Amino acid sequence: MATLTIAGKQQEAKFGFAFKNLADKNYGQKDKEGNDVGGFGAIYTGLLQFDLDALKAFWDCGLAHLGSKGRPKIAEIEEGLEARINEDEGTEELFKEAFREIDSSGFFKRDAKSFWKNLEMFKDSGKTDEEKEENAKGTQIMLEGKAELLGEEIESTG
């Protein structure tokens, strides 16, 4: 369970429409081809890349179920994250907890499965050999991030 102490109160991230709606509204992005990458995809990818902004977004959206009056402000989330980083002497556990929770949540199970299926197809795509090699390397980095976050071993394809 992903929990974080914010403003003296223990909070638990929850996954549902409140998370999805806030993620799409505040954290959705466009890829290099101009396609919309929903908020889930942006946060999921960011966690795989150990991006602190993705960790902050995870908590912002994970607490969306508290409603606008109960949800902590971004500055409070940042303070909670900083305290936890100092306590843990790093970010590793925070990223592992966040990724494991979102990856295994029933609400996003289909989205996570589609993410990996699309990434597998992306691995071999590209117009030139250079593009194909770059895509394969990017895919490998994501797979290595997933393995690290889930505590799994991975075979290198490169």
Side-chain angles (χ1 to χ4, degrees), residues 1-123 138-154:
M1 164 179 5
T3 60
L4 184 65
T5 302
I6 302 171
K9 186 173 181 188
Q10 188 78 6
Q11 301 285 3
E12 180 182 344
K14 297 205 179 193
F15 307 100
F17 285 107
F19 184 110
K20 182 194 179 323
N21 293 341
L22 187 62
D24 287 343
K25 178 182 173 194
N26 290 354
Y27 301 103
Q29 302 172 345
K30 292 199 181 288
D31 65 16
K32 61 185 175 183
E33 284 83 37
N35 301 314
D36 284 325
V37 177
F40 166 81
I43 293 170
Y44 194 78
T45 301
L47 292 173
L48 282 165
Q49 296 171 337
F50 300 90
D51 180 353
L52 286 169
D53 286 332
L55 192 59
K56 186 170 44 174
F58 168 86
W59 279 104
D60 186 31
C61 297
L63 299 175
H65 67 279
L66 298 173
S68 60
K69 294 186 180 177
R71 193 171 100 237
K73 293 176 177 32
I74 293 292
E76 293 172 317
I77 292 170
E78 288 172 344
E79 287 174 16
L81 288 170
E82 285 178 13
R84 177 74 186 278
I85 290 166
N86 289 332
E87 180 184 315
D88 291 352
E89 297 181 354
T91 60
E92 187 174 344
E93 280 306 309
L94 276 166
F95 278 105
K96 284 181 177 181
E97 285 175 14
F99 184 79
R100 287 175 180 162
E101 288 294 316
I102 201 169
D103 188 60
S104 66
S105 80
F107 193 84
F108 288 117
K109 187 175 204 136
R110 188 62 134 159
D111 296 277
K113 187 175 181 179
S114 293
F115 176 89
W116 293 108
K117 184 178 178 182
N118 291 338
L119 190 66
E120 191 62 34
M121 291 186 318
F122 174 74
K123 175 177 76 174
T139 300
Q140 185 64 28
I141 289 168
M142 294 290 197
L143 289 169
E144 288 170 1
K146 179 182 181 189
E148 184 175 344
L149 289 166
L150 296 178
E152 299 172 344
E153 293 293 321
I154 185 167

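Since we're looking at a predicted model, the values are computed, not measured.
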Heavy-atom nearest pair, Trp59 first then Glu12, reads CZ3-C, 4.2 Å

For the residue pair Pro72 and Leu66, establish whether any side-chain heavy-atom pair is separated by less than 4.5 Å.
yes

About how many Å separate CD of Glu93 and CD1 of Ile85, when rounded to the nearest 0.5 Å?
12.5 Å

With the side chain counted from C-beta on, respond yes when Lys146 and Leu48 share a heavy-atom pair under 4.5 Å apart, and no when they do not.
yes

Any Arg71 side-chain heavy atom under 4.5 Å of Leu22 side chain:
yes

Which distance, rounded to the nearest 0.5 Å, do you find between the CG of Leu119 and the CG of Leu143?
6.0 Å

CG of Asn86 to CG of Leu81, rounded to nearest 0.5 Å, is 11.0 Å

Just do the side chain to side chain contact (heavy atoms under 4.5 Å, CB included) check on Thr45 and Met142 with the steps written out, would you?
CA-CA 8 Å; Thr45 301; Met142 294 290 197; 3.2 Å; yes

Kindly compute the distance separating NZ (Lys96) from OG1 (Thr91), expressed to the nearest 0.5 Å.
10.5 Å

Would you name the heavy atoms of Ala64 and Ala18 that are closest together and state the gap between them?
CB-O, 3.5 Å

Any pair with a residue in residues 73-109 that passes ring-ring contact (aromatic ring centres under 6.0 Å, His included), sequence neighbours left out, goes on the list, sorted by first then second residue, please.
Phe17-Phe107, Phe19-Phe108, Phe40-Phe108, Tyr44-Phe99, Phe50-Phe95

So with a 6.0 Å cut-off around CD of Gln10, is the heavy-atom count from everything else above 12?
yes

Backbone N or O of Lys56 within a donor-acceptor pair of the Asp60 side chain at under 3.5 Å?
no

Quick check for you: to the nearest 0.5 Å, what is the distance between Lys73 atom NZ and Ile6 atom CD1?
12.5 Å

Are Tyr27 and Asp53 packed together at the side-chain level, in the sense that at least one heavy-atom pair is separated by less than 4.5 angstrom?
no

I need the Phe15 CZ to Lys20 NZ distance, nearest 0.5 Å.
14.5 Å

Which heavy atom of Leu4 sits nearest to which heavy atom of Gly80, and what is that distance?
CD1-O, 3.6 Å

May I ask you to test the Glu76-Gln11 pair for a side-chain heavy-atom distance under 4.5 Å?
no

Compare all side-chain heavy atoms of Phe115 with those of Asp103 and state whether any distance is below 4.5 angstrom.
no

Treating Arg100 as the side-chain partner and Leu149 as the backbone partner, does any N or O pair qualify as donor plus acceptor under 3.5 Å?
yes

